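The structure appears right after this line, and notes come after that.
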Amino acid sequence: MSDDLPDFTIGYSRRTFFGYGVAFLILAYGGVGMVSGLIAVDAGQRFQQILIGLVFLVLAVCIGVFLFSMFRMMGKPVLILKDDGLWDRRLTVKPIPWSDIQSIERVEPGMVERLVLLGGMTGKIVICVVPEARDRIGFVHPWQAFLHAFVLAGDGRLRLIHKPLDAQYAQLSALLMQKWQIAHGRRSDIADGTGSTSAENRAISA
């Protein structure tokens, strides 16, 4: 029975939104300044300055698009955990039933993620969908299926992007695991990313 835990709704973090906003302003100002010449360097390096400015502008646009999507959902539920399943409204058009979720993995970040990605130090939360249910997943955007299958997670796996959410990694991953365990009528055998059961996960569910 899944009524041991109440329903949960988690939105975007205002602190993270502010942080991305500051990064957007810095990149936009630097890009415009370098391309237009407002930020002057040696005349012989003008071409390199324009290239760097263009890179800054591209990054600013990417962050700006993400900021806009965050702004549209600010104050609204983004991740919903209910009796009938898990619903990441950024990713799917309806909840994924707990019965369609084979396992929930906490994967330690690789070296590249530790050095490059924001929030890479905290690890990843990966949702593994049972094979027969993979075709039933209704993605918000068609390209998300390719992104998660070949870049972010792997075939039949979905990565829950937790960094922008108003929730800590440890608490969110523990809550997901408990919800999944209760729905499946058990309190153990949560994959830790290597196919085994970790003592840490058993302690969380105890």
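Everything quoted here is computed from the prediction, not taken from an experiment.
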Minimum heavy-atom separation for [X] to [Y], with atom names?
X    : Y    : result
M34  : Q49  : O-NE2, 3.0 Å
D7   : K82  : OD1-CA, 3.4 Å
S36  : R46  : C-NH2, 3.6 Å
G11  : V78  : CA-CG2, 3.9 Å
A167 : I10  : CB-CG2, 4.0 Å
L172 : L160 : CD2-CD2, 4.1 Å

Using modelled atom types and a 3.5 Å cut-off, is there a donor and acceptor pairing between side-chain atoms of [X] and backbone atoms of [Y]?
X    : Y    : answer
S13  : T16  : yes
Q144 : H141 : yes
R106 : K124 : no
W98  : I182 : no

Q168, CD atom: more than 12 neighbouring heavy atoms under 6.0 Å: no
Neighbour count >12 (heavy atoms, 6.0 Å) for atom CZ, F56: no
Pairing of R157 and E105 as salt bridge, 4.0 angstrom limit: yes
Residues D88, R90; criterion salt bridge (Lys or Arg N to Asp or Glu O under 4.0 Å); working and verdict: CA-CA 5 Å; D88 186 340; R90 303 165 297 179; 2.8 Å; yes
In Å, rounded to the nearest 0.5 Å, how long is the span from [atom1] of [X] to [atom2] of [Y]?
X    : Y    : atom1 : atom2 : value
L57  : Y29  : CG    : OH    : 13.0 Å
Y12  : R72  : OH    : CZ    : 10.5 Å
L152 : I161 : CG    : CD1   : 5.0 Å
L25  : I63  : CG    : CD1   : 10.0 Å
F17  : F24  : CZ    : CZ    : 10.5 Å
I104 : H184 : CD1   : NE2   : 8.0 Å

Flag side-chain contact, heavy atom, 4.5 Å: R159 against I125: no
Parallel, tilted or perpendicular, as decided by the 30° and 60° cut-offs, for the rings of Y20 and F66: perpendicular
Steps toward side chain to side chain contact (heavy atoms under 4.5 Å, CB included) verdict (I101, V130): CA-CA 6 Å; I101 297 177; V130 296; over 6 Å; no
Grouping I, L, V, M, F, W and Y whenever their side-chain heavy atoms are under 4.5 Å apart, do [X] and [Y] come out in a common cluster?
X    : Y    : answer
M73  : V140 : no
Y169 : L158 : yes
V65  : L59  : no
V61  : V58  : no

Test side chain to side chain contact (heavy atoms under 4.5 Å, CB included) applied to I127 and L86, step by step: CA-CA 10 Å; I127 310 299; L86 177 156; 4.1 Å; yes
Audit row: F8, L175, side chain to side chain contact (heavy atoms under 4.5 Å, CB included) steps and yes/no: CA-CA 9 Å; F8 287 89; L175 177 61; 3.4 Å; yes
Intermediate values then yes/no, side chain to side chain contact (heavy atoms under 4.5 Å, CB included), I137 and L91: CA-CA 10 Å; I137 299 176; L91 185 60; over 6 Å; no
